[in-house]
Amino acid sequence: MILLIASILSPQQVADFGKLAQSLGLSVLLEVHNLEELEQTICPFVNAIGVNNRNLGDFTVNIQTSFDLVDHIPNEFLKISESAIDNPEVIKQLKAVGYHGFLIGENFMKTANPGQAIQEFVAQL
């Protein structure tokens with residue numbers, strides 16, 4: 001799978017890169033940060049939409065972004081929520097509204113033992 005970030009690509013670039021990736025047998029994850037990016041770049045050459053809850057301007061995170069955008073993502077796309085996920089209850093809530101996958105990194109990397117933190121997190125799901 002390749003990642004295309006809507007905030008740094010034009011809609012034409014997303015389509016072109018997505019088409020090329022799919023022709024090579026790759027899946028395409030389109031990362032968006034807001035409704036405008038989603039509406040401008042969604043296309044048939046994307047397999048999954050990732051909603052990044054991190055504002056790339058100031059690096060703040062807000063999980064509400066995923067809740068706000070989920071209904072704007074057509075059901076034919078795999079829905080991924082990225083960043084700002086710090087406990088299993090958040091995943092349960094995101095799954096309930098339609099998300100299929102989750103990108104979690106910082107939450108585990110801030111611990112002394114990331115492997116153990118992941119195991120404990122998953123056990124709570």
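Basis for what follows: all heavy atoms, side chains included, without hydrogens, waters or symmetry-related copies.
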Compare every heavy atom of [Y] with every heavy atom of [X], then report the nearest pair and how far apart it is.
X: Leu29; Y: Ile49; value: CD1-C, 3.8 Å
X: Leu69; Y: His33; value: CD1-C, 4.4 Å
X: His72; Y: Asp68; value: CD2-O, 3.3 Å
X: Asn53; Y: Ser83; value: ND2-O, 2.9 Å
X: Arg54; Y: Val61; value: NH1-CG1, 3.4 Å
X: Leu103; Y: Ile85; value: O-CD1, 4.2 Å

*Run through Asp86, Ile91, Ile118 and flag the one making a side chain to side chain contact (heavy atoms under 4.5 Å, CB included) with Ile104.*
Ile91
*Do we see a donor-acceptor contact under 3.5 Å between the side chains of Gln22 and Asn47?*
yes
Determine whether [X] and [Y] fall in the same hydrophobic cluster, where Ile, Leu, Val, Met, Phe, Trp and Tyr are linked whenever their side-chain heavy atoms lie under 4.5 Å apart.
X: Ile63; Y: Leu125; value: yes
X: Val122; Y: Leu94; value: yes
X: Phe45; Y: Phe17; value: no
X: Phe108; Y: Phe59; value: no

Quick check: do [X] and [Y] have side-chain heavy atoms less than 4.5 Å from each other?
X: Gln116; Y: Thr111; result: no
X: Val90; Y: Ser81; result: no
X: Phe67; Y: Val97; result: yes
X: Phe77; Y: Leu30; result: no
X: Leu4; Y: Val46; result: no
X: Val70; Y: Tyr99; result: yes
X: Leu78; Y: Ile80; result: yes

Do other residues, nucleotides or ligands put more than 12 heavy atoms under 6.0 Å from the [atom1] atom of [X]?
X: Phe102; atom1: CZ; answer: yes
X: Met1; atom1: CE; answer: yes
X: Asn75; atom1: CG; answer: no

*Supply the atom-to-atom distance Ser7 OG to Asn55 CG, rounded to the nearest 0.5 angstrom.*
10.0 Å
*Just how far is it from atom CD of Glu31 to atom CG of Leu56, taken to the nearest 0.5 Å?*
6.5 Å
*Main-chain N/O of Leu9 paired with Gln13 side-chain donor or acceptor, under 3.5 Å*: no
